[in-house]
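This report concerns only the one structure given below.
Quick note on labels: first sequence line is chain A, next is B, and so on, each numbered from 1. Side-chain atoms are counted along with the backbone in the values below, which use heavy atoms only and exclude waters and symmetry mates.
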Number of protein chains: 4
Amino acid sequence: MGHPGGPTNRERQAEQRRNQLIDTALDLFAEKGVDGATIKDIATRVGVAQGLVYHYFDSKEDLLSAIIERHGPVQPFSALLASVYERPAAEGLSLLAHGVYRVASERRKLLSVLAREILVRPEMRLMALGVRAQVLAIAGAYLDSRIALGELRPHDTTVTLQSLAASVVPLAVVGLEPEPYITHLVEILLRGVAAPGYNPANDQPTGPGAAPAKPTATS
Amino acid sequence: MGHPGGPTNRERQAEQRRNQLIDTALDLFAEKGVDGATIKDIATRVGVAQGLVYHYFDSKEDLLSAIIERHGPVQPFSALLASVYERPAAEGLSLLAHGVYRVASERRKLLSVLAREILVRPEMRLMALGVRAQVLAIAGAYLDSRIALGELRPHDTTVTLQSLAASVVPLAVVGLEPEPYITHLVEILLRGVAAPGYNPANDQPTGPGAAPAKPTATS
Amino acid sequence: MGHPGGPTNRERQAEQRRNQLIDTALDLFAEKGVDGATIKDIATRVGVAQGLVYHYFDSKEDLLSAIIERHGPVQPFSALLASVYERPAAEGLSLLAHGVYRVASERRKLLSVLAREILVRPEMRLMALGVRAQVLAIAGAYLDSRIALGELRPHDTTVTLQSLAASVVPLAVVGLEPEPYITHLVEILLRGVAAPGYNPANDQPTGPGAAPAKPTATS
Amino acid sequence: MGHPGGPTNRERQAEQRRNQLIDTALDLFAEKGVDGATIKDIATRVGVAQGLVYHYFDSKEDLLSAIIERHGPVQPFSALLASVYERPAAEGLSLLAHGVYRVASERRKLLSVLAREILVRPEMRLMALGVRAQVLAIAGAYLDSRIALGELRPHDTTVTLQSLAASVVPLAVVGLEPEPYITHLVEILLRGVAAPGYNPANDQPTGPGAAPAKPTATS
DNA sequence: AATGAATGAGCCTTCATTCAT
DNA sequence: TATGAATGAAGGCTCATTCAT
């Protein structure tokens, strides 16, 4: 405020300390749960006095909020969705699945914490349901567009996406290997929702007017 | 033990009290988490003194074990799997999906508790992974048999099952409506893993030239 | 509740423990102030664990309420006022002054605590003002009756009472000797409010119609 | 100190800051009590960092001392007493009463703080008792002189003064209106200690045979 | 079987105080 | 002069657990 010329050295250090506390808190919350991890745990692991935590955060609750703010997965998920837009269905689903795995892997600690807290805190549950609704809306619009283009058969795209996410995210959170699981999953889902005659191998949307190859098989 | 003629009156009452404590503990664990619920909470809700809890259980931990023992979902899931065996793939997958939802709904409180504890207790995590492996083995054997019969195309059946379970169980745990979600999900998965030309409507594998059933929505 | 035949042994002991905690808390609150005295102080002086205090009281605040309930000076002051009613003014004022000193002496610890808290807690201030108003109303009615009987000259009796109380109570709270201070005070106030010609030495109200002795002196 | 020519600009600013801190501390001590107000509270209200408080004061205790030094009511009370000296009793008592109210009103915050601390800090209690003794000595000498002049009857003047102060000061500290309370109080006390036949209206001692002034109300 | 008094460890939080910048 | 990061000692309160009755 009163010092033009960018952050001072001291402010930079304070910011670092703050982030250090947030990151350490996230580690410990993920390991022991929010209730199981103590402020003392966090301070000790960072190597400072307990009191310092309260210099940066009003309460444990506030610390949790700061964690979410800093590590919140909404932005990366949004970016992922944006990057998929306009891609053919086969490629898009694959990008989606692998992307979700990657983002969830990077944020696995936070997701682990949230998964626990959502079950017990109504406000967090509501927040999570809201985010879920937003993401489903955006991603659903993408899949619907692929239906309109004739790549996918008409269906409730929410189901596809929910299934995709529900299958992939826990994998990442628990830390299991993605492959070959995800590739197989994408194949199953794609076959499940592909329009008759859509050939993923082409990586090219078949025009809506294009005559599908003889329905010899569902593949 | 030393009294022939079945349980005495007193033993029956003790059993009832024990179960009452277990059930109430489960309720509270699900509401507030294992850490968030106190022994006093439980005793108060049952209408007894805290001390009594320790007549029936050695510790909070022991109480949690008793809950799992009494409400463990392994048996019903096993029964479900058994009931599906020998059924055609289309029917089997549907039975499986709806059955999983039903069982998970009935046990949603326990599953909610377990979901939280698994993330934080290594022993529980191992236990859960073990159960998962068993269930996947049994159910996988079933799907493999349907592959062998030509109903389903050869694929990693674990993926199908994992996806099914991961999609359905959270639905039940969070308390969302199953339909039309589950029906749609089954349709997608079934199409995704069906052998070419398999006609679910027949409950019989069909020749390659048979027309596939129309999708639910206008294609 | 569920045990006819009066309090059990255990209940009696619990009650004793409770009172012991209240009394010890009062001692310490008076010595160090409510903020200055710690729950540990109290527990230690009683010879129990800190936690036990919270078995009997919800909070430090609740403990303070219990102190007021048990040691509240309203009842004894009311009794004092009742005992004075119908007495001649001279005797009444003297009884009042000495009685207030006695009661305030007996409750000096609580009054000391309240004196401090009133200055800082609006609710307590209001409560105290309310009590003061009640007491002044009752005692004022007494003095007004003595005015009507011609013993005292018409005046704002609230002032007399307020002055009496304000002079006597601090004496008791601080623990100073009452005599000869109180006797002198009563004499001054009595002369200050006596009707011309009222002779306290008589301990008899002069009838309203009685001719006052020649106004040779005010005494 | 080492700079001739009066205080430098910087010294003047420092003095201002110091006084600002003292005044703000007094405000907060009065509002929340010495224990209840924090150094951070004070610094925040002044708009500076906590650390700065420790550039001006060694400790919270030292800050309290500085408050007393700056706002101590001894000087104004002394001035009041000096101004009363030689005045006739009736005028003197009235001046005293109103003057005490005025001074106590001006210093009500400090008096509120002291009232609380005296009850809990032995050193402060001693200090206060010492001040009280001094004031009573001076004011007592004044009243004794009026006794010697025949305006007041011989009596323990300490009692009169104590009663006056005890009645008036709390009024000011709590912030109640002075009138008509103080006027009535003075009248009562004056009648209570006046020599027989003393006529306040004259501001002159009157002979025993002189008719007393009519009471304020119809007697 | 049942009660609830009692314990004691530990948690979150506050706050006066210090100190490097 | 001024800042605010950092410390560390408590303090209020909770809670699983024990035990005499």
Whole angstrom is fine here: how far is it from [atom1] in [X] over to [atom2] in [N]?
| X | N | atom1 | atom2 | result |
| --- | --- | --- | --- | --- |
| C/Ile42 | F/dG11 | CD1 | P | 12 Å |
| A/Arg12 | F/dT3 | CZ | P | 21 Å |
| A/Gln20 | F/dA5 | CD | P | 14 Å |
| A/Phe57 | F/dA6 | CZ | P | 12 Å |
| A/Asp62 | E/dC12 | CG | C1' | 14 Å |
| A/Glu11 | F/dT3 | CD | C1' | 11 Å |
| D/Asp41 | E/dT14 | CG | P | 12 Å |
| C/Arg18 | E/dG4 | CZ | C1' | 15 Å |

Short side-chain to backbone donor-acceptor contact, [X] and [Y], under 3.5 Å:
| X | Y | answer |
| --- | --- | --- |
| A/Arg107 | A/Pro73 | no |
| C/Glu117 | C/Leu114 | no |
| B/Lys60 | B/Val34 | yes |

Compare the minimum distances between each of [options] and the side chain of [X], then state the nucleotide with the smallest one.
| X | options | result |
| --- | --- | --- |
| D/Tyr54 | E/dA16, E/dT7, E/dC12 | E/dA16 |
| C/Arg17 | E/dT3, E/dA6, F/dA16 | E/dA6 |
| D/Ile39 | F/dG11, E/dG4, E/dA16 | E/dA16 |

Any-strand Watson-Crick or G-U partner of F/dT21, both distances under 3.5 Å: E/dA2
Pair partner, E/dA16 [Watson-Crick or wobble, under 3.5 Å]: F/dT7
Pairwise 5' ranking along DNA chain E for A/Ala37 and C/Gln13, keeping only the more 5' one: C/Gln13
First encountered from the 5' end of DNA chain E, between C/Arg10 and A/Asn9: C/Arg10
Look at all strands and tell whether [X] reaches a base, only sugar-phosphate, or nothing, counting heavy atoms closer than 4.0 Å.
| X | value |
| --- | --- |
| C/Leu52 | base |
| B/Tyr56 | sugar-phosphate |
| B/Ala43 | nothing |

N/O donor-acceptor pair, side chain B/His55 with base E/dA1, under 3.5 angstrom: no
5′-ward residue of the pair C/Gln50/A/Ala14 relative to DNA chain F: A/Ala14
Pairwise 5' ranking along DNA chain F for C/Asp35 and B/Lys40, keeping only the more 5' one: C/Asp35
Reported CD1-to-CD distance for the pair C/Ile42 and C/Gln50, which is rounded to 0.5 angstrom: 10.0 Å
Atom CD of D/Glu69: over 12 foreign heavy atoms under 6.0 Å: no
Any donor-acceptor N or O pair under 3.5 Å, side chains C/Gln20, C/Arg17: yes
